[in-house]
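Here is the structure we will look at.
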Amino acid sequence: MRSFLEKSSDHHSQVLSVDRLLHQGRTAFQDVLIFENRLFGRVLVLDGVIQLTEWDNHIYHEMIAHVPLMAHGLAKRVLVIGGGDGGTLKEVLKHPVEEVVLIEIDREVIELSQRFLPGVSAGAFSDPRSTVIVGDGTEYIADTDSQFDVIIIDSTDPVGPGEQLFSEAFYRHCRTRLLPGGIVAVQSGAGFHQPELLAKVCDRLGGVFGTAKPFLAPVPTYAAGALALVVAGSSGKALRAPRKILKERFRPLEGRTRYYRPEVHRAAFTMVPVFGHGHT
Ligand code: SAM
């Protein structure tokens, strides 16, 4: 294999050179490809979709973790659904949390990520505050009695095993597992290529939680360079934390993030995603 083509729609694709093939196979749930590209470093692909690269994964992981945690301010118990590469777990553990439960459906994603992309999790799986469960996030959330301050849905796109993680029934279960003042953060696809997905996620989350606010993270290796994320909760005020409060909360994290900072947090909500395609 000399190159990898990621098709984002019938009208747009991106091609990365495969400078060294590290792993190619099929798990019980999905196709996995891991390769090295001279520009982006190691790249993890699931079912033909880029999940992360060594070069820019910190932007995604910092934004999906720190935006809800900083908006909350006092999170002690956090649930990560998906995220088997461990990047989100690593960022959550930078906060003074008591426990982070990570539930990933595909054991092989956890194992392959630790083998080929160890820097992404950087020891997060063996942190004493981490509880790692291999299983389906939709079943876990429907069955568990545990409650959380923040729930982060770090899933694949709504195809294959990730599909149910975008359903209204799943969001309703998440709401019952949230402690008062709790916040949910959701990865919501490529902002510019999947505007319908973002609109649907905002609509569903808003209906279930009361308030849902979309924001964008620039991630160069995702289709069209921007990933849409959404935070939801019962208090719109908490989701729009003032800069002064974010700055105070950020103090213990200073120097420990590469992309996230309070100014970026606020600005991310003003980068308006495009709802719908069309030409002028
Ligand atoms: N940053 C990524 C992206 O491109 O959006 C997402 C990262 S992470 C690798 C996504 C993970 O969600 C995958 O490892 C996948 O196995 C997991 N996943 C998908 N459906 C799931 C489910 N129903 N329960 C738990 N984990 C699930």
Side-chain angles (χ1 to χ4, degrees), residues 6 8 14 16 23 25-34 40 42-65 79-92 101-117 120-121 124-125 131-144 151-167 169-171 173-174 177 185-191 193-194 197-198 201 216-230 259:
E6 182 190 53
S8 36
Q14 64 171 336
L16 277 69
H23 177 87
R26 167 117 201 127
T27 71
F29 299 96
Q30 52 211 341
D31 292 327
V32 183
L33 170 68
I34 305 175
F40 302 124
R42 293 186 173 190
V43 182
L44 170 67
V45 180
L46 296 179
D47 281 343
V49 180
I50 293 177
Q51 302 295 305
L52 63 87
T53 80
E54 283 184 318
W55 181 58
D56 60 9
N57 78 85
H58 65 285
I59 303 172
Y60 170 81
H61 290 132
E62 288 183 14
M63 292 300 277
I64 199 170
L79 173 66
V80 178
I81 298 181
D85 51 75
T88 298
L89 186 63
K90 176 179 76 182
E91 295 305 324
V92 172
V101 177
L102 179 139
I103 172 130
E104 160 64 57
I105 202 166
D106 197 338
R107 180 187 302 279
E108 284 193 60
V109 172
I110 300 177
E111 290 169 356
L112 291 166
S113 298
Q114 286 185 278
R115 179 169 165 212
F116 292 110
L117 295 149
V120 173
S121 54
F125 288 107
T131 301
V132 178
I133 302 170
V134 174
D136 187 330
T138 55
E139 288 171 13
Y140 174 83
I141 204 84
D143 296 340
T144 185
I151 298 177
I152 298 175
I153 302 157
D154 184 5
S155 68
T156 40
D157 287 345
V159 279
E163 193 176 350
Q164 287 310 309
L165 299 179
F166 290 82
S167 69
F170 170 70
Y171 293 154
H173 278 131
C174 286
R177 299 295 96 219
V186 176
Q187 91 80 0
S188 224
H193 278 303
Q194 298 168 297
L197 173 64
L198 177 57
V201 169
L216 288 185
V219 183
T221 51
Y222 287 147
L227 190 89
L229 298 137
V230 185
Y259 180 76

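Below, all heavy atoms of this structure are taken into account, side chains as well, without hydrogens, waters or symmetry copies. Nothing here was measured: the structure is a model prediction, and the numbers come from that model. Just follow the structure's listing: the first ligand is 1, and inside any ligand the first atom is 1.
Residues meeting the side chain to side chain donor-acceptor pair (under 3.5 Å) test with T138, sequence neighbours left out: D136.
Remark: side-chain polar atoms of Q114 are not paired, donor with acceptor, to backbone N or O of F116 under 3.5 angstrom.
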May I have the N/O to N/O pairs between ligand 1 and the protein that fall below 3.5 Å, each with atom names and distance to one decimal?
| from | atom 1 | to | atom 2 | distance (Å) |
| --- | --- | --- | --- | --- |
| ligand 1 | 1 (N) | Q51 | O | 3.2 |
| ligand 1 | 1 (N) | Y222 | OH | 3.0 |
| ligand 1 | 4 (O) | I50 | O | 3.4 |
| ligand 1 | 4 (O) | Q51 | O | 3.4 |
| ligand 1 | 4 (O) | Q51 | OE1 | 3.4 |
| ligand 1 | 4 (O) | Y222 | OH | 3.4 |
| ligand 1 | 5 (O) | S155 | O | 3.4 |
| ligand 1 | 5 (O) | Q187 | NE2 | 3.3 |
| ligand 1 | 14 (O) | E104 | OE1 | 2.7 |
| ligand 1 | 14 (O) | E104 | OE2 | 3.2 |
| ligand 1 | 16 (O) | Q30 | NE2 | 2.9 |
| ligand 1 | 16 (O) | E104 | OE2 | 2.5 |
| ligand 1 | 20 (N) | P161 | O | 3.0 |
| ligand 1 | 20 (N) | G162 | N | 3.3 |
| ligand 1 | 23 (N) | D136 | OD1 | 3.1 |
| ligand 1 | 23 (N) | P161 | O | 3.0 |
| ligand 1 | 24 (N) | G137 | N | 2.8 |
| ligand 1 | 26 (N) | I105 | N | 3.2 |

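V109 places none of its side-chain heavy atoms less than 4.5 Å from the side chain of F29. A 4.5 Å side-chain heavy-atom check between V230 and L198 finds at least one atom pair inside the cut-off. Within the 4.5 Å cutoff, no side-chain heavy atoms of L16 are placed close to those of E6.
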- Message: Run Q30 and D106 through side chain to side chain donor-acceptor pair (under 3.5 Å) and show every step you take.
- Response: CA-CA 8 Å; Q30 52 211 341; D106 197 338; 2.9 Å; yes
